[in-house]
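Let me begin by presenting the structure, written as structure tokens, before commenting on it.
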Amino acid sequence: MNKQQNLFGDPPADESSAWWTLNTDGAAKGNPGPAGAGAILRDPDGTVLAEISRHLGTATNNEAEYFGLIHGLTESLRLGAARLHIRMDSELIVRQIQGQYKVKNERLKTLYDQVMALLRDLKAYDIVHVRREFNAEADALASRAADRR
């Protein structure tokens with residue numbers, strides 16, 4: 001079950017109730033092929049606190065998407081995010097996390113389980129599918145990482 005933000009627009013009671021934003025992406029040059037994960041984390045003021053660009057070796061597009069989310073969530077928690085807006089351009093991954101699609105692939109199931117464990121460490125989150133042009137920074141970080149060998 002997703003933890004959702006206050007829909008009434010009440011002001012934050014303290015710093016731990018402020019919402020951070022995480023954009024993540026994954027890229028594979030071939031499917032499978034050389035892959036990379038990318039993420040960008042912003043604090044509630046919009047300041048970029050972390051940019052992640054990690055080469056993954058050989059992976060599928062969907063595995064790379066999950067790794068982008070895992071690396072982004074790990075860094076978000078490390079930096080103290082408690083409430084997180086998550087934005088991704090992978091409709092499949094977003095719908096799986098939301099519980100709308102089942103995770104049938106065993107390799108993805110392992111990654112899904114890791115994501116769900118990380119999400120439980122947050123006070124609240126929402127996850128939304130965005131068009132690729134609204135995820136350009138994370139996409140560039142993932143593509144750059146996939147090109148590293």
Side-chain angles (χ1 to χ4, degrees), residues 1-28 35-57 59-146 148:
M1 176 198 280
N2 287 0
K3 304 171 199 170
Q4 296 293 323
Q5 80 180 85
N6 180 336
L7 299 178
F8 300 107
D10 294 335
D14 59 44
E15 188 63 29
S16 68
S17 66
W19 286 78
W20 299 37
T21 302
L22 175 66
N23 287 74
T24 73
D25 203 4
I40 187 160
L41 177 66
R42 288 183 173 81
D43 71 10
D45 295 325
T47 302
V48 174
L49 295 184
E51 289 184 350
I52 298 165
S53 182
R54 296 225 172 96
H55 184 72
L56 303 172
T60 66
N61 288 329
N62 291 331
E63 289 168 341
E65 292 280 359
Y66 265 111
F67 278 114
L69 182 54
I70 289 166
H71 290 304
L73 288 170
T74 300
E75 186 67 4
S76 298
L77 290 165
R78 188 186 75 76
L79 292 175
R83 299 175 191 282
L84 197 57
H85 294 299
I86 303 165
R87 305 295 178 254
M88 300 180 71
D89 60 27
S90 170
E91 184 175 358
L92 174 72
I93 306 308
V94 169
R95 300 293 181 247
Q96 287 177 338
I97 300 302
Q98 291 173 334
Q100 295 177 8
Y101 294 173
K102 292 184 189 235
V103 184
K104 298 176 183 175
N105 179 292
E106 282 305 312
R107 288 175 65 165
L108 293 184
K109 178 73 170 106
T110 300
L111 299 174
Y112 168 86
D113 290 341
Q114 289 179 41
V115 166
M116 297 310 289
L118 290 165
L119 290 172
R120 282 191 288 277
D121 289 336
L122 294 167
K123 286 185 179 179
Y125 71 91
D126 64 18
I127 185 165
V128 175
H129 173 252
V130 296
R131 292 195 323 245
R132 179 160 289 165
E133 61 265 26
F134 297 114
N135 208 36
E137 292 170 300
D139 178 66
L141 291 166
S143 292
R144 189 176 326 134
R148 283 188 229 129

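Since the model is a prediction, treat every value here as computed from it, not as a measurement.
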Which distance, rounded to the nearest 0.5 Å, do you find between the [atom1] of [X] and the [atom2] of [Y]?
{"X": "Tyr101", "Y": "Ile93", "atom1": "OH", "atom2": "CD1", "answer": "11.0 Å"}
{"X": "Leu111", "Y": "Asn105", "atom1": "CG", "atom2": "CG", "answer": "9.0 Å"}
{"X": "Leu41", "Y": "Ile52", "atom1": "CG", "atom2": "CD1", "answer": "7.5 Å"}
{"X": "Ile127", "Y": "Gln96", "atom1": "CD1", "atom2": "CD", "answer": "10.0 Å"}
{"X": "Met88", "Y": "Ile97", "atom1": "CE", "atom2": "CD1", "answer": "7.5 Å"}
{"X": "Tyr125", "Y": "Leu119", "atom1": "OH", "atom2": "CG", "answer": "5.0 Å"}

Which atom of [X] lies closest to which atom of [Y], heavy atoms considered:
{"X": "Ala145", "Y": "His55", "result": "O-ND1, 2.8 Å"}
{"X": "Val48", "Y": "Glu51", "result": "CG1-CG, 3.9 Å"}
{"X": "Asn61", "Y": "Ala27", "result": "OD1-C, 4.2 Å"}
{"X": "Ala64", "Y": "Ala37", "result": "O-CB, 4.2 Å"}
{"X": "Ala142", "Y": "Gly38", "result": "CB-N, 3.6 Å"}
{"X": "Ala39", "Y": "Leu22", "result": "CB-CD1, 4.1 Å"}

key: Pairs meeting criterion salt bridge (Lys or Arg N to Asp or Glu O under 4.0 Å) with involvement of residues 36-45, two or more places apart   = Arg42-Glu137
note = Here the salt bridge (Lys or Arg N to Asp or Glu O under 4.0 Å) pairs for residues 95-106, sequence neighbours left out, are Glu91-Arg95
inquiry  = Which residue in the set Val94, Val115, Val130, Leu69 passes side-chain contact (heavy atoms from CB on, under 4.5 Å) when paired with Ile86?
reply    = Leu69
Tyr112 and Tyr66 aromatic ring geometry - parallel, tilted or perpendicular at 30°/60° bounds = perpendicular
query = Is the closest basic N to carboxylate O distance between Arg87 and Asp25 below 4.0 Å?
reply = no
query = Hey, mind stepping through Ser53 and Arg148 against side chain to side chain donor-acceptor pair (under 3.5 Å) and telling me if it holds?
reply = CA-CA 10 Å; Ser53 182; Arg148 283 188 229 129; 2.7 Å; yes
ask   = Between Asn135 (side chain) and Thr24 (backbone), is there a donor-acceptor pair under 3.5 Å?
value = yes
For Glu133, all residues meeting salt bridge (Lys or Arg N to Asp or Glu O under 4.0 Å), sequence neighbours excluded = Arg131
message = Do Arg83 and Leu122 have side chains that approach each other closer than 4.5 Å (heavy atoms only, starting at C-beta)?
response = no
